[in-house]
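What follows is a single structure, written as structure tokens, with notes after it.
Side chains included, hydrogens not; waters and symmetry mates left out as well; all remaining heavy atoms used. Reminder, nothing fancy here: chain letters follow the sequence lines and each chain counts from 1.
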Amino acid sequence: MKITAHQKAFAMVLSLGLVAGCSSTGDTMEDGAYGSDVEAVDQDGGSTVYGGGDRDGVSSSDLTDEELREREERAEQEAMRNITTFYFDFDTAEIKPEAREVLVAHARYLENNPNQQVRLEGHADERGTKEYNLALGERRANAVERFLIVNGASRGQMETVSYGEEKPAVMGSDESALAQNRRVELVFE
Amino acid sequence: MTNRTRTPGKTSRIRYACQLVCAFFVCAVLGSGPASAELTIRITEGADAAIPVAVVPFAESGGIPSSDKVSSIVQDDLTMSGEFNTLAPEKMLSLPSQRSEMYFRDWRLLGQRYVLVGQLSRSGDRVEARYELFDVNREERILGSSASASANNMRTLAHHISDKVYEAITGVPGAFSTKLAYVTLDRASGEPRYRLQVSDVDGKRARVRLEGKEPILSPAWSPDGEKLAYVSFETGRPAVFIHELASGNRTRIAEFRGLNSAPAWSDDGRSLLLTLSKDGNAEIYRMDIASKNLKRLTNHWSIDTEASWDHTGNGFFFTSDRSGGPQIYHKSSENADPRRITFGSRYNARPRPDNEGKYVYYVHQRDRAFHIARTNLKSGEETVLTRTESDESPSVAPNGRMLIYATKQSGNSVLTVISADGGAAYSLPASEGDVREPAWSPILH
């Protein structure tokens with residue numbers, strides 16, 4: 001059961017990575033974030049739960065299935081929260097289905113940590129006009145903000161800013177670069 | 001500016017290249033420092049029906065500065081416009097400087113329609129130019145005038161003469177004495193350097209007006225040519241500034257929550273159209289500059305932005321994606337219902353009308369490429385003007401005859417000038433990095 005949760009988180013991380021096209025241009029992604037996410041899952045989930053079981057047989061019997069599930073869920077959500085960049089199709093601000101679960105994790109975290117502030121930075125790729133892209137970046141940041149609010153975050157925790165096409169994550173004009181530049185980044189402060 | 005760009009031999013390096021895509025460097029890209037980074041002209045395409053004009057080197061008396069040869073600059077201006085084919089001085093049979101020295105038969109033999117001659121004389125700090133333009137076929141003088149400037153201002157003098165010659169031949173005022181504002185981006189040092197610059201229309205005499213590591217966008221000239229409005233991210237968010245060029249004084253005019261962008265001046269210079277999202281999403285507002293009072297001019301859940309007044313000064317064009325993708329709309333007055341102008345493709349944005357109400361120019365997507373196109377406002381006919389494929393930010397010259405826009409050449413953003421019907425072109429690449437967001441000034445007085 002635990003393994004399943006890990007696998008699920010891993011698959012989530014992986015699929016988002018693939019969406020971002022990071023498999024082919026891994027060197028351009030920031031901080032190698034996707035790789036370290038997976039390790040974080042193992043440490044957290046693995047040591048806590050298994051460790052409890054080995055200590056004089058006390059903890060393991062105290063953990064109900066429910067608690068276990070909660071912990072796993074928390075670990076899974078923490079892993080997901082390492083993903084802070086969300087991608088969009090050309091000229092749209094529609095949140096992709098595969099991003100939803102991760103954004104829900106962020107929303108829950110913000111709900112549980114009301115003093116946490118986050119800045120939502122909207123971006124567009126270089127195609128089209130600069131001013132329209134500025135508005136498009138804002139629309140994307142607003143879409144993410146609304147999604148987070150619906151799922152528990154409060155408006156006061158968030159600030160949105162659009163950079164339009166001015167701050168590309170990746171230089172270049174090929175489809176992979178463009179796809180990585182159409183994004184909203186969550187910056188926790 | 002480097003010394004080499006001032007050398008008298010520069011003109012001879014400018015060659016009129018008529019073949020499509022035979023772009024070549026005219027001036028070597030010189031290793032000038034980034035703060036004075038200049039644009040260099042590359043003529044990429046000539047007009048089909050260019051008028052042959054001979055600009056005879058002006059006679060000189062009394063210590064005329066050897067750099068910035070007036071007649072060479074006039075010749076470059078006329079060539080650049082794409083409407084003229086100028087004759088290289090070494091092909092001339094004689095070098096007259098006044099009417100009594102003109103042999104029209106010689107110029108007919110050389111296939112010239114017009115000949116410009118002149119004399120420069122210096123008195124004290126000033127240089128006076130006396131110049132005459134002749135119609136070769138009619139053997140008539142069609143222009144005779146004089147103008148003067150201080151000796152370190154030969155470029156101003158030359159552009160003034162170009163304007164007069166252009167007007168005498170075409171009937172339309174020249175725009176060679178106007179200025180360009182644009183933004184350069186230099187990433188060479190690792191940290192990006194954005195520089196708002198103002199130069200002559202040929203890219204010379206560039207001066208940095210604002211510099212920083214945050215983006216600068218959408219410079220817009222006030223109608224008197226004395227101020228620029230633009231968007232700067234220097235506070236970490238987009239805000240609109242008004243910048244007085246002579247004093248360097250700046251005012252942050254709009255810094256509401258959300259977007260503050262796309263400034264466009266009214267004809268009287270008293271108000272700005274702005275895109276603000278303070279009320280939820282991108283809408284167009286008019287701001288009275290003195291009082292900062294706002295009037296909201298659009299109200300729709302879609303993106304409304306990139307407004308530009310029309311030639312009447314009562315209505316305006318703008319981009320809206322209310323139909324599902326960005327398209328050009330027009331409101332004939334602030335309260336009129338918007339009328340959709342473009343239908344030809346799914347992406348049309350950033351309208352810039354001419355000042356006669358004939359055409360509106362904009363960015364137009366065809367397949368995967370972004371071109372500059374224009375629509376005839378009477379007939380609705382749309383014409384794609386450019387063959388380049390990543391085109392942005394069209395800006396129309398104040399005489400309506402030329403258009404400048406930003407495009408990409410081998411990965412770098414460059415400025416390109418074309419005639420308003422798409423016929424001729426020259427490009428202005430920066431010596432380093434990108435140059436983008438061109439804005440053509442009004443006629444300056």
Side-chain angles (χ1 to χ4, degrees), chain A residues 28 88-94 117-146 149 155-179 181-182 184-185 187 189, chain B residues 183 185 187 192 194 214-218 231 233 235-238 257-264 275-277 280-283 301-307 318-321 324-326 346-351 362-365 368-370 389-394 406 408 411 413 436-437:
Chain A
T28 54
F88 295 82
D89 289 333
F90 177 64
D91 196 23
T92 76
E94 227 168 273
Q117 295 288 312
V118 64
R119 189 170 146 105
L120 311 179
E121 300 182 346
H123 300 268
D125 70 29
E126 65 177 25
R127 290 185 292 160
T129 65
K130 286 179 183 295
E131 287 284 2
Y132 181 80
N133 281 337
L134 205 53
L136 182 60
E138 180 181 64
R139 178 187 274 173
R140 285 171 177 157
N142 287 346
V144 171
E145 183 186 50
R146 270 195 305 276
I149 288 173
R155 189 177 291 276
Q157 291 175 280
M158 290 177 287
E159 181 196 15
T160 59
V161 62
S162 173
Y163 291 108
E165 62 180 86
E166 306 310 315
K167 298 200 170 182
V170 177
M171 300 304 288
S173 304
D174 56 287
E175 188 43 53
S176 150
L178 296 177
N181 292 335
R182 297 187 295 263
V184 170
E185 291 183 18
V187 181
E189 286 158 353
Chain B
V183 177
L185 169 58
R187 297 181 194 273
Y194 291 86
E214 295 298 333
I216 304 165
L217 286 182
S218 306
V231 178
F233 280 72
T235 61
R237 324 183 47 89
R257 184 187 152 88
L259 294 183
N260 298 273
S261 68
T275 298
L276 307 175
S277 63
N281 75 318
E283 302 284 359
W301 51 264
S302 68
I303 290 172
D304 292 328
T305 186
E306 300 176 332
F318 64 105
T319 305
S320 175
D321 73 340
R346 65 199 172 103
Y347 196 117
N348 293 287
R350 218 241 192 201
Y362 48 88
V363 175
H364 166 85
Q365 185 182 15
R368 284 186 55 81
F370 289 83
E389 297 200 335
S390 305
D391 303 345
E392 282 198 56
S393 312
K408 287 211 161 172
S413 183
R436 69 253 304 266
E437 296 287 90

ask   = Less than 4.0 Å between a side-chain N and a carboxylate O, is that true for A:Arg155 and A:Glu145?
value = yes
query = Is the closest side-chain heavy-atom distance between A:Leu178 and A:Glu126 below 4.5 Å?
reply = yes
inquiry  = Please determine whether a side-chain nitrogen of the Lys or Arg among B:Glu389 and B:Arg368 lies less than 4.0 Å from a carboxylate oxygen of the Asp or Glu.
reply    = no
ask   = If you tally heavy-atom pairs under 4.5 Å against chain A, which of B:Val363, B:Leu217, B:Thr275 wins?
value = B:Leu217
message = Can a donor-acceptor pair be found, under 3.5 Å and without considering hydrogens, that links the side chain of A:Asn181 to the backbone of A:Ala169?
response = yes
query = Where on B:Tyr362 is there a heavy atom nearer than 4.5 Å to chain A: the side chain, the backbone, both, or neither?
reply = neither
request  = Taking the side chain as every heavy atom from C-beta outward, state whether B:Ser390 and B:Phe370 have any pair of such atoms under 4.5 Å apart.
outcome  = no
ask   = What part of B:Ile303 is in contact with chain A, defined as an atom under 4.5 angstrom from a non-hydrogen atom: side chain, backbone, both or neither?
value = both
task = Tell me, for A:Glu159 versus chain B, whether the close heavy atoms (under 4.5 Å) come from the side chain, the backbone, both or neither.
result = side chain
task = May I ask you to say whether A:Glu121 pairs ionically with A:Lys167, meaning some side-chain N is under 4.0 Å from a carboxylate O?
result = no
Region of B:Thr305 in contact with chain A, defined by heavy-atom distances below 4.5 Å = side chain
task = Go through the atoms of B:Pro326 and report whether side chain, backbone, both or neither lie under 4.5 Å from a heavy atom of chain A.
result = both
request  = Heavy-atom distances under 4.5 Å only: say whether A:Ser173 touches chain B with side chain, backbone, both or neither.
outcome  = side chain
task = Name the region of A:Glu165, side chain, backbone, both or neither, that has any atom closer than 4.5 Å to a heavy atom of chain B.
result = side chain
inquiry  = Heavy-atom pairs under 4.5 Å with chain A - which of B:Gln365, B:Arg187, B:His364 has more of them than the others?
reply    = B:Arg187
Donor-acceptor pair, side chain of B:Arg350 and main chain of B:Thr319, under 3.5 angstrom = no
key: A:Glu138 versus chain B, the contacting section by heavy-atom distance below 4.5 Å   = side chain
